[in-house]
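Chain letters run A, B, ... following the sequence lines, proteins first, then strands; residues in each count from 1.
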Amino acid sequence: MGELELCVLLGLVHAREDGYGMRVRQEIEQRTGQDVAIGSVYVTLHRLERKGLVRSRESEPLPVQGGRRRRLYTLTPAGLAAVRQSTRVLRGMTRGLDLGVEPR
Amino acid sequence: MRRAMPPRFWRWLLGRLAGREESELLLAELDLEFESRFEAGRLAAEVWYRRQVLRSAFPVLRERLTVGAQRWRTDPVNVNERRRRSVLASWVQEFRYVVRSLSRAPGFTLIVVLTLALGIGANASVFSVVNALMLQPVAYPNAERLVVAWEISPGSGESYMYLSPPNLQDWRDRVRSLEALAAFAAADQFVTLPEETLRVRGALVSWNLGRTLGVQPRLGRDFRPEDDVAGAPPVALISEELWRERFGAREDVVGSPIRLSTGEATVVGVLPASFDFPPAINLEGQVIPQHAQIFLPFALDYAAQHRQAHYMTAIGLLRDGATLESVRAELSTVARALAVEYPATNEGRGATAVPINYAVLGEFGTALKLLLGAVGLVLLIACVNVANLMLGRSTTRQREYAIRAALGAGQRPLLRQTIVESQVLATLGGIVGLAAAVVGTRLLVRIAPATIPNLDQVSVDGPVVAFAIAISMLTGLLFGLVPALRTRAPNLQALMMLGGRGGVTRSESRLRGGLIIAEVALSLLLLFGAGLLLRSLRALQRIDAGVAIENVLTARLSLASTLFPDAARVRSTYAELEQRLAALPGVEAAGFAFNVPLASDFQGTSARFEGEAPPGPDEDRRTHFTSTTPGYFAAMGIPLLAGRVHDQRDDADAPPVVVVNKAFADRFFPGGDALSHRLLWQQPVAIIGVVGDVRLESITDEPRPIIYFPHAQTNSYRSMTAIVRSGLPPEALLTSVRSEIRSVDPGIPVFDVATMNQVIARALAGPRFSATLLMVFAFLALALAAVGIYGVVSYMVAQQTRDIAVRMALGARPNDELGRVIGSGLRLVSLGLILGLLAAFATGRVLTSLLFQVQPTDPVVLLGVSAFLMLTAVVAAAVPAIRASRTSPLTVLRE
């Protein structure tokens, strides 16, 4: 699983019920400082959906005039399992290392 | 508060990249984010937006192009998903679908591919020839600045002539627009090597020929001015081929001696293999020493030669900044000045220059263009055929289209299918056609006359392949139009009601009718042109020469004024030469003539006779004349019809006499009393004999009137052509002729040697070749047209089977039905014939230059072709009509 894919999945976890593309992008930007392109986020979401790690549905229209429906993504069980696995791997590998990286 | 809008262009761009469905959501999200950022700062927000678009562009686009179909598979029920299919994937899927459906109809596919292959292959073949000949006829470094300069001989019509050395010299000195003027002439040589004596093609050249053409020797040096003067030590340049084959490619060949028939010469250099003389095929019979192996300088005192000795081909190099017009103008001026300075030899002689590319191609260019036109017509006919087939196929698939349309497939998928289908078929046809072209081109090259230049360059190479691809695509578009038009607005209800096979809708039958008319018209045009040329070809092959021309050798001689200063000496020398040649063992007859039929144009004048009033301005007194020695008539095999030919008695002291040919006698003395009249030629001249016409004198219909002056009574013919009739093989004959001439005087050059058969073949090669080629294409067109017309007419009739059945059930008689159906088919064909005839008349004039003894409006050909097409149509209509009328109406209606 690629780095961006992992970030997007984790971003979705943070976003909970607001799992739309822009929100995920914001999460990534705020937490990592990376200014990811919205297009990349969307492409990644599509790819994750094809892999069966997330699913999507159309949300209710926004409560404003001319509000459009939005597409909401949520993790599937498989997606959740993948995230846990990756995190476990990362923690395992980084335990005891002093890489000079401070968590925010 | 007004909603903040992101930069319009960027928003639009992202929308286009993402595709309609995807972009809605994407843009909506971006809009929201933009709004919130906008409050923090407008500029920053816009910058951020732009960056987002730019950086999203690539991933979004890639996703769009590659994913589509997979999504379809994973989520087939979701209609929105389906609409997000990527562009590329849908085309790929269409392609696979088309391939499958085509393989389910192998007969159709095969016929279409073969038909297209025929058309495309033929076009590719002809294009490969055109490409080699027309686009790159001459490959010298200086080609754009090179011109071929000619003298124009006085007489009716502009006939180009070789230059004589003094004229060349004067032109060199006086024509400022030419930086250099070089010359060459054919002069075969005998080269004596340790192992054997070879006869090689050779050329006499002026010292600056290489310089003028921009060619440099690959070894040694080029000629220098001091090599090209009388009495200079003999030098020679040899070709790379000769160098490799006979001199072992040794470097020390430079400076070594080489033994020639004229003595020993020193080799000073080797010319590269890439060099060759420009072929000049629009001067009939002019001998260009192509593939010459040895080059000698003229080594003459040019100015001292006789002005009437025309045997040099001149090539000029334009000065930087000079134009063709300036050269021509100067040449005219110089020619006029020379006519005044040397009236005896230059009176009435003009001069002109022609760009070297045009000189090389000349009239052959017209034939080539015609060929392209013909082969283009073949392709069009093939297209029409295929369009018909496609039409038939689309008709039987109406139901399928209707269902697809009912299920919501928009027009685009249907259009896409027809486009893909036609392009696939066209590509297949193109591939097969290209393969056929490779074979066809090789065949073409083998049957083409040797006078066509650059024949070895003709091959199926890059440009030809590109051409084939281009016309394949174009062809695909063309015949794809027909079914594409039909996908426009299928009337679903009507189609459903017409049943499975699909009936004949109005638009369809109109379309078919149009196709029939087009096919008939095109076929008529092509067959007509080919028919004309076919008749022409047969006439050419049956030329009754009027003489027996086997075993006749021709060779040109020239008596330079340095060696033969006065006219009397020239006369006596030729008389002696004739006697000596005629006395050679194995020689039946020998003579000399100023003009050899088909090898050079006769001079012209108008005839006047003693004791009559001067002819009026509209009287046609045109005649030709030439000068011969007595033995000429026997050597050429021209029969004597009345009186006698001139002989040794008719010399300079005797009363002037002439011999005329039958055409002359018939033209001016239809009563048959030519011998009792006298010609007015500066003084009265008695007509002492009438000889037979030599058909070879022109490739046109009528033999032209000719006056033969005895050489012994003329003053100015120093260059003559020897005609020797003998049973000996030409090689041996040439050797003894040369040695005999040398023994009279070793300074007499002998060049342009050819047998009469070669001369004729050369003159006729071009027209024969064109006619043959066109005949081949005509047969192709014939086959295509017959198949096409048959197919389309019979299909149209078969479609009306139901109609016929219904009518017969209602009481109509079978014969009436038959007549009606055949009649309607014939009506269409007639329309097509009329159209085709009009077109044929319009283009007939274009063909005249290629025709021989055939008029462009030849009724035989017209009738023949029309009848053939009509017959095909009748048969095509009759067969299914008869079958339809015999079937029980009930059977048909039950289907």
Pick one of side chain, backbone, both or neither for Y42(A), based on which atoms fall under 4.5 Å of a heavy atom in chain B. side chain

Given heavy-atom pairs under 4.5 angstrom as the criterion, report whether the side chain, backbone, both or neither of V41(A) touches chain B. neither

Contact summary for [X] and [Y], nearest pair of heavy atoms:
X	Y	answer
L26(B)	I38(A)	CD1-CG1, 3.7 Å
E29(B)	R71(A)	OE2-O, 4.4 Å
P59(B)	S40(A)	CG-OG, 3.5 Å

In chain order, what residues pass the side-chain contact (heavy atoms from CB on, under 4.5 Å) check against S472(B), with sequence neighbours excluded? I120(B)

So do the side chains of [X] and [Y] get within less than 4.5 Å of each other, counting heavy atoms only?
X	Y	value
Q52(B)	R25(A)	yes
L32(B)	M22(A)	no
R51(B)	D35(A)	yes

For chain B, which residues of residues 75-97 of chain A have heavy atoms nearer than 4.5 angstrom: none

For the interface with chain B, which of T44(A), V43(A), V36(A) has the highest count of heavy-atom pairs at distances below 4.5 Å? V43(A)

